[in-house]
2 protein chains.
Amino acid sequence: MSKNICPLNATMNLIGTKWKPLVLFHLLDGPERSGILKSRIPEISNKMFTQTVRELEQDFLISRKVYPVVPPKVEYQLTEKGYSLEKILRDMDEWGRRL
Amino acid sequence: MSKNICPLNATMNLIGTKWKPLVLFHLLDGPERSGILKSRIPEISNKMFTQTVRELEQDFLISRKVYPVVPPKVEYQLTEKGYSLEKILRDMDEWGRRL
DNA sequence: TTGCCTAGTATACAATAAGTTACCTTAAAG
DNA sequence: CTTTAAGGTAACTTATTGTATACTAGGCAA
């Protein structure tokens, strides 16, 4: 009865939600402002967007830069750890293209 | 203003849940009986296991074979479509290994 | 100077998804 | 008789998501 400590579990804990891969994917081509990033994922709600980027930041997959201006300006970008998912994210996108 | 019809969305609709990638991953090495497959994912509840394999079956990622015996015997295996996710699944597992 | 605009986020509450527990099946073993 | 087996269902509780609304503070139009 080996307990399943399959590494995939760890991956799922970090990016195994409906929105995280999408947010990460849309940051692959460089930093984006919050609003623009959000607009690339039209179906996401405000709340889930904020919640998702917060969690990704906590897990060091993205970083958040706040400019102290009004109206607010916030930019997100992938960390190195986030970028290390590039191949997986692009493969998943490619896989979806063939459906 | 381009609405985001990113293929990754399609992928997420098929495997973008907490359990689906895990179920698929544990079928990569061949067909498994229901109980054994489930035991490889100890944290999954009975209900979520059944629900997950049902959805994967509907989406033609796995197939389900029922043997008319008592007690029941049911086997799951990846379809060709399911196998086409092999690289992604193994990469995700590998990524988790390095955390 | 009242009041609306902006972008990012926060909050309260409703809806949906996930987890828990109990129980069904039927044949053979004890 | 009673228990055990594997797989699954149904009823119910809790956790996660989604929706609608509002806040912030400087700039600007009326």
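Each chain gets a letter, A, B and so on, in the order its sequence line appears, and its residues count up from 1. Source: prediction; values computed, not measured.
- Annotation: side chain of P72(A) is not in contact with side chain of V66(A) (no heavy-atom distance under 4.5 Å).
- In this model, the phosphate group of dG19(C) is approached by a side-chain N or O of W19(B) to a distance below 4.0 Å at OP1 or OP2.
- Close to dT17(D), at under 4.0 Å from its OP1 or OP2, lies a side-chain N or O of Q51(A).
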As a quick check of understanding, evaluate salt bridge (charged side-chain N to carboxylate O under 4.0 Å, His left out) for E86(A) and R90(A), giving each step before the final call. CA-CA 6 Å; E86(A) 175 166 15; R90(A) 293 208 192 275; 2.9 Å; yes
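- Hydrophobic clustering, with ILVMFWY side chains joined whenever heavy atoms are under 4.5 angstrom apart, keeps I36(A) apart from V74(A).
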Worked check of side-chain contact (heavy atoms from CB on, under 4.5 Å) between L22(A) and F25(A): CA-CA 5 Å; L22(A) 283 161; F25(A) 180 76; 5.6 Å; no
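- For the pair M48(B) and E75(A), nearest-nucleotide mapping onto DNA chain C gives the more 5' position to E75(A).
- For T17(B), no side-chain nitrogen or oxygen approaches OP1 or OP2 of dA17(C) to under 4.0 Å.
- W95(A) places none of its side-chain heavy atoms less than 4.5 Å from the side chain of L8(B).
- Within the structure, every side-chain polar atom (N or O) of T50(B) is placed at least 4.0 Å from both OP1 and OP2 of dG7(D).
- Taking five base pairs at each end of the helix from dT1(C)-dA30(D) to dG30(C)-dC1(D) and finding the rotation axis that steps the C1' atoms of four pairs onto the next four gives two axes whose angle is 30°, to the nearest 10°.
- Whole-Å rounding puts the I36(B) CD1 to dG7(D) P distance at 8 Å.
- Side-chain contact between K38(B) and R33(B) is absent, with no heavy-atom pair separated by less than 4.5 Å.
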Is there any protein nitrogen or oxygen under 3.5 Å from a nitrogen or oxygen in nucleotides 25-30 of chain C, and what are the pairs?
none

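- We find that NZ of K73(B) is positioned 9 Å from P of dG7(D), with the value rounded to whole Å.
- Look at CZ on R64(A): it is 16 Å from P on dA7(C), rounded to the nearest Å.
- Look at K18(A) and you'll find a side-chain N or O under 4.0 angstrom from OP1 or OP2 of dG18(D).
- Residue R33(B) places no side-chain N or O under 4.0 Å from the OP1 or OP2 atom of dA5(D).
- Contact annotation: the side chain of C6(B) approaches that of H26(A) to within less than 4.5 Å [non-hydrogen atoms, C-beta and beyond].
- A close approach under 4.0 Å does not occur between any side-chain nitrogen or oxygen of R54(B) and OP1 or OP2 of dG7(D).
- Between D59(A) and K20(A) there is a side-chain heavy-atom pair separated by less than 4.5 Å.
- Checking V23(B), V53(B), L56(B) one by one against L61(B), the side chain to side chain contact (heavy atoms under 4.5 Å, CB included) holds for a single residue, L56(B).
- Considering every non-hydrogen atom in both M92(B) and M12(A), the closest pair reads CE-SD, 4.1 Å.
- K81(B) forms no cation-pi arrangement with F60(B), by the criterion of a distance under 6.0 Å to the ring centre and an angle within 45° of the ring axis.
- The distance between atom CG of N46(A) and atom P of dC13(C), rounded to the nearest whole Å, is 19 Å.
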Between protein and nucleic acid, restricted to nucleotides 14-16 of chain C and to nitrogen or oxygen atoms under 3.5 Å apart, what atom pairs and distances do you find?
none

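- Backbone-only engagement by Y76(B) is indicated by non-hydrogen atom pairs under 4.0 Å involving sugar-phosphate atoms exclusively.
- Contact annotation for S34(B): backbone-only contact, meaning every heavy-atom pair under 4.0 Å involves sugar-phosphate atoms and none involves a base.
- Put simply, NZ on K65(B) is 14 Å from P on dG7(D), counting in whole angstrom units.
- The NZ-P distance, from K38(B) to dG7(D), rounds to 10 Å in whole Å.
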Dump the intermediate steps for side-chain contact (heavy atoms from CB on, under 4.5 Å) on R64(B) and R54(B), then the final yes or no. CA-CA 9 Å; R64(B) 179 169 185 265; R54(B) 286 285 181 288; 3.4 Å; yes
